[in-house]
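Along the sequence shown, the residues carry numbers beginning at 1. The analysis underlying the following values was restricted to heavy atoms, covering all of them including side chains, and did not include hydrogens, waters or symmetry mates. Quantities reported herein were computed from a predicted structural model and do not represent experimental measurements.
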Amino acid sequence: MQYRYATEADVPAMAELFAANRRDALTEQQRSEQGFVQGNFDAAALRAMVRDGSLLVADDAGEQGGADGQDSTGDPDARGRAGRVVGLLALSSAERLSSPPPPVRALLDAQDSLRWQGQPLSASRWLMYGPVVVDAAFRGRGVARGLFELAVEAAGGRADAVVAFIEAENQASWRVHVDGFGMCPLGDFVAGGRTYSAVAAPARDAPR
């Protein structure tokens, strides 16, 4: 598996991954078991994020998939193609977003009440971590962990921490990022009637 910055050639595959894992595209059971992403990331939005250098991807580089020999779209030939995007993660400056979605806006507004390493989050430099998406056929194979490691390294020298928000309903994401990767809860906030938890991890080699 290769972990790298996204290019414009990756946009169609990334758009497909987002569409397949949006909250409103999944059943309640699927949301509970595998988590979900929020927001509308169409091709135009993804191209802009690629140009900004804020998308990281996992590239299967010709790896073979599961025992059924199929990818999540059911294409039996797709798995063996080199360079297929099977995971992605956004890493960006929330304050630079021209039109932040409601949860991001609420997170920015809550910075003074969220605590990171004993002080308000607003006192630290941080980058927005997420959303993160992994192809269904590649879950449980360390792809999310690889993207996480690349993100904290990419943030080094630019920020003190990477910060994500997790909707209360999204327990699968909590299990991965807090229980699995050790991201630290900073506190809760509300946006659009939904409760979210902010969580953070230190950037690798972040400035002291």
Side-chain angles (χ1 to χ4, degrees), residues 5-6 14 18 21-24 31 35-42 45-46 48-56 87-134 144-145 147-208:
Y5 282 93
M14 293 191 295
F18 269 122
N21 290 277
R22 285 186 58 182
R23 186 183 194 279
D24 55 7
R31 292 196 297 268
F36 53 88
V37 295
Q38 301 186 64
N40 183 22
F41 295 89
D42 58 16
L46 292 170
M49 295 173 75
V50 167
R51 289 192 293 269
D52 192 47
S54 58
L55 282 173
L56 312 175
L88 63 91
L89 187 154
L91 184 68
S92 58
S93 172
E95 294 181 342
R96 289 179 55 191
L97 297 176
S98 57
S99 300
V104 176
R105 183 71 264 166
L107 171 59
L108 290 169
D109 292 343
Q111 289 184 83
D112 288 340
S113 63
L114 300 172
R115 306 293 293 181
W116 168 245
Q117 296 186 338
Q119 59 184 348
L121 180 61
S122 57
S124 298
R125 295 186 305 155
W126 57 276
L127 294 177
M128 174 67 67
Y129 170 105
V132 57
V133 189
V134 176
R145 167 73 74 174
L147 288 167
F148 171 80
E149 293 294 337
L150 179 57
V152 296
E153 290 175 5
R158 300 169 56 196
D160 302 306
V162 297
V163 178
F165 60 85
I166 302 174
E167 187 177 342
E169 180 186 350
N170 198 348
Q171 290 302 302
S173 183
W174 184 276
R175 288 192 296 269
V176 170
H177 292 98
V178 179
D179 300 338
F181 301 165
M183 296 185 80
C184 299
L186 310 181
D188 298 338
F189 62 94
V190 177
R194 294 176 179 169
T195 300
Y196 298 83
S197 295
V199 299
R204 194 73 45 83
D205 300 322
R208 298 291 181 180

Spell out, as yes or no, whether a donor-acceptor pair under 3.5 Å connects the side chain of [X] to the backbone of [Y].
X: Gln111; Y: Leu108; value: yes
X: Asp160; Y: Trp126; value: no
X: Gln119; Y: Trp116; value: no
X: Arg158; Y: Ala203; value: no

Any side-chain heavy atom of [X] within less than 4.5 Å of one from [Y]?
X: Tyr5; Y: Leu150; result: no
X: Pro102; Y: Tyr196; result: no
X: Val199; Y: Trp174; result: yes
X: Phe165; Y: Met128; result: yes

What distance do [X] atom [atom1] and [Y] atom [atom2] have between them, rounded to the nearest 0.5 Å?
X: Glu167; Y: Ser173; atom1: CD; atom2: OG; answer: 10.5 Å
X: Leu91; Y: Met49; atom1: CG; atom2: CE; answer: 9.5 Å
X: Arg115; Y: Ser122; atom1: CZ; atom2: OG; answer: 9.0 Å

Provide the closest heavy-atom pair for [X] versus [Y] in the form atom of the first, atom of the second, distance.
X: Thr195; Y: Val190; answer: OG1-CG2, 4.0 Å
X: Leu127; Y: Ala155; answer: CD1-CB, 3.9 Å
X: Leu89; Y: Gly130; answer: CD2-N, 4.2 Å
X: Val163; Y: Ala200; answer: CG2-CB, 4.0 Å
X: Leu107; Y: Ala198; answer: CD1-CB, 4.0 Å
X: Ala94; Y: Val104; answer: CB-CG1, 3.9 Å

Practice prompt. Mind running side chain to side chain contact (heavy atoms under 4.5 Å, CB included) on Ser197 and Asp188 for me, showing each step along the way?
Written response: CA-CA 4 Å; Ser197 295; Asp188 298 338; 2.8 Å; yes

Item to complete: Check step by step if side chain to side chain contact (heavy atoms under 4.5 Å, CB included) holds for Met183 and Ile166.
Response: CA-CA 11 Å; Met183 296 185 80; Ile166 302 174; over 6 Å; no

